[in-house]
S.K.: 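Next up is a structure, given as structure tokens.
Bear in mind that the values here come from a model prediction, so they are computed numbers and not experimental data.
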Amino acid sequence: MSRIGKKPVAVPAGVTATMDGGIMSVKGPKGTLTLAMREEISYGIEEDGSILVKPANATKAARAFWGMQRTMVQNLVTGVTDGFTKTLEITGVGYRANAQGPKLKLQLGYSHDVDIDVPSDLDVKTPDQTTIHITGIDKQKVGQLAAEIRRWRKPEPYKGKGIKYRGEYIFRKEGKKK
């Protein structure tokens with residue numbers, strides 16, 4: 001049985017990882033991210049600069065956190081080198097989006113426009129009225145903002161109208177029969 005946790009996290013050139021007082025900091029060209037280290041997991045930096053994540057003991061809790069903690073460390077390294085992007089697509093007559101500085105203005109068929117505040121560490125672009133690109137270095141924040149935007153109009157199965165992730169498949173249903 002292969003486990004993702006057994007693989008060390010490769011740290012590319014230009015990225016430094018430090019551990020101090022239960023906090024792991026990863027600094028790269030796009031910025032700095034931190035992660036609170038769990039006591040069930042032991043972290044180590046190898047000679048080649050890669051980060052090794054393994055359980056501190058043989059308890060069930062340590063094994064349960066192992067793979068997730070390794071993935072979170074990998075997300076830190078990926079975030080400070082490449083960053084993360086989520087793309088949302090808007091489908092529907094009269095539905096549109098417009099990024100205006102630190103706000104995103106959505107017209108989604110309500111009697112009012114929906115204004116969403118964009119956090120300062122995220123970047124939102126609207127190349128056209130039906131596409132929203134969210135980029136940032138923290139995967140959790142990018143996904144959270146995308147989910148909050150999508151929550152205003154989830155895609156519905158009959159006409160396919162709403163806000164969906166790029167590449168998401170919407171199972172279409174047949175309408176009412178006579």
S.K.: Looking only at non-hydrogen atoms, find the nearest pair between Val142 and Gly136 and report the distance.
M.R.: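 Minimum heavy-atom separation between Val142 and Gly136: CG2-N, 3.6 Å.
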S.K.: Would you say Arg166's side chain and Lys86's backbone share a donor-acceptor pair under 3.5 angstrom?
M.R.: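 No; judged by distance alone, with no hydrogens or angles, the pair does not exist.
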S.K.: side-chain contact (heavy atoms from CB on, under 4.5 Å) between Tyr165 and Thr87: does it pass, once the steps are laid out?
M.R.: CA-CA 6 Å; Tyr165 297 110; Thr87 302; over 6 Å; no
S.K.: For the atom pair CD (Glu168) and CG (Leu88), what is the distance rounded to the nearest 0.5 Å?
M.R.: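 If we round to the nearest 0.5 Å, Glu168:CD and Leu88:CG are 9.5 Å apart.
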S.K.: Can a donor-acceptor pair be found, under 3.5 Å and without considering hydrogens, that links the side chain of Arg70 to the backbone of Lys7?
M.R.: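 Indeed, once roles are kept as given, a pair shorter than 3.5 Å links the two residues.
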S.K.: Using residues 100-110 as the side-chain source, report each donor-acceptor pair under 3.5 Å to any protein atom, sequence neighbours left out, with the distance given to one decimal.
M.R.:
unit_1, atom_1, unit_2, atom_2, d
Lys103, NZ, Asp117, OD1, 2.4
Lys105, NZ, Asp115, OD1, 3.3
Gln107, OE1, Arg96, NE, 2.7
Gln107, OE1, Arg96, NH2, 3.3
Tyr110, OH, Trp152, O, 2.7

S.K.: Could you tell me the separation between the OG1 atom of Thr131 and the CD1 atom of Ile90, rounded to the nearest 0.5 Å?
M.R.: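 One gets 7.5 Å once the value is rounded to the nearest 0.5 Å.
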S.K.: What residues join Val53 in its hydrophobic cluster, counting side-chain heavy atom gaps under 4.5 Å, either direct or through other members?
M.R.: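 Listed partners: Val9, Val11, Val15, Met19, Met24, Val26, Leu33, Leu35, Met37, Ile41, Tyr43, Ile45, Ile51, Phe65, Trp66, Met68, Met72, Val73, Leu76, Val77, Val80, Ile137.
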S.K.: Looking only at non-hydrogen atoms, find the nearest pair between Pro155 and Lys164 and report the distance.
M.R.: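 Heavy-atom minimum between the residues: CG-CB, 3.8 Å.
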S.K.: Does CD belonging to Glu39 count more than 12 external heavy atoms closer than 6.0 Å?
M.R.: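 Not buried by this count: 12 neighbours or fewer within 6.0 Å.
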S.K.: Show me the pairs that pass side chain to side chain donor-acceptor pair (under 3.5 Å) and involve residues 19-34, at least two apart or across chains.
M.R.: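 Of all non-adjacent pairs touching residues 19-34, none passes side chain to side chain donor-acceptor pair (under 3.5 Å).
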S.K.: Supply the atom-to-atom distance Ile132 CD1 to Leu145 CG, rounded to the nearest 0.5 angstrom.
M.R.: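 Ile132 atom CD1 to Leu145 atom CG measures 9.0 Å (nearest 0.5 Å).
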S.K.: Measure from the side-chain N and O atoms of Arg172 to the backbone N and O of Tyr158, and report whether any donor-acceptor pair falls under 3.5 Å.
M.R.: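 A pair under 3.5 Å: yes.
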S.K.: Any side-chain to backbone donor/acceptor pair from Ser42 onto Lys54? Under 3.5 Å, distance only.
M.R.: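 Confirmed, Ser42 side chain pairs with Lys54 backbone.
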S.K.: Closest heavy-atom contact between Ser50 and Pro8?
M.R.: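 Shortest heavy-atom separation between Ser50 and Pro8 comes out as OG-CB, 3.9 Å.
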S.K.: Is Leu52 reachable from Ile23 through a run of I, L, V, M, F, W or Y residues, each pair having side-chain heavy atoms under 4.5 Å apart?
M.R.: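 Hydrophobic grouping puts Ile23 apart from Leu52.
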S.K.: Would Tyr95 and Thr130 count as a side-chain contact (heavy atoms from CB on, under 4.5 Å) here? Give the steps.
M.R.: CA-CA 7 Å; Tyr95 290 8; Thr130 61; over 6 Å; no
S.K.: Has Lys139 got more than 12 heavy atoms of other residues, nucleotides or ligands less than 6.0 Å from its NZ?
M.R.: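 No, because the 6.0 Å sphere around NZ of Lys139 holds 12 heavy atoms or fewer from other groups.
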S.K.: Where the side chain of Thr126 meets the backbone of Asn98, is there a donor-acceptor pair that is under 3.5 Å apart?
M.R.: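 Between the backbone of Asn98 and the side chain of Thr126 there is no qualifying donor-acceptor contact (under 3.5 Å).
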S.K.: Got a second to check how far Ile116's CD1 is from Glu148's CD, nearest 0.5 Å?
M.R.: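 Answer for the CD1-CD pair, Ile116 versus Glu148, is 7.5 Å.
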S.K.: Before you tell me yes or no, could you show the steps for Thr91 and Ile170 under side-chain contact (heavy atoms from CB on, under 4.5 Å), namely the whole-Å CA-CA distance, both residues' side-chain angles and the distance that decides it to 0.1 Å?
M.R.: CA-CA 12 Å; Thr91 306; Ile170 305 301; over 6 Å; no
S.K.: Say you draw a straight line from CG of Asp138 to CZ of Phe84; how long is it, rounded to the nearest 0.5 Å?
M.R.: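 Answer for the CG-CZ pair, Asp138 versus Phe84, is 8.0 Å.
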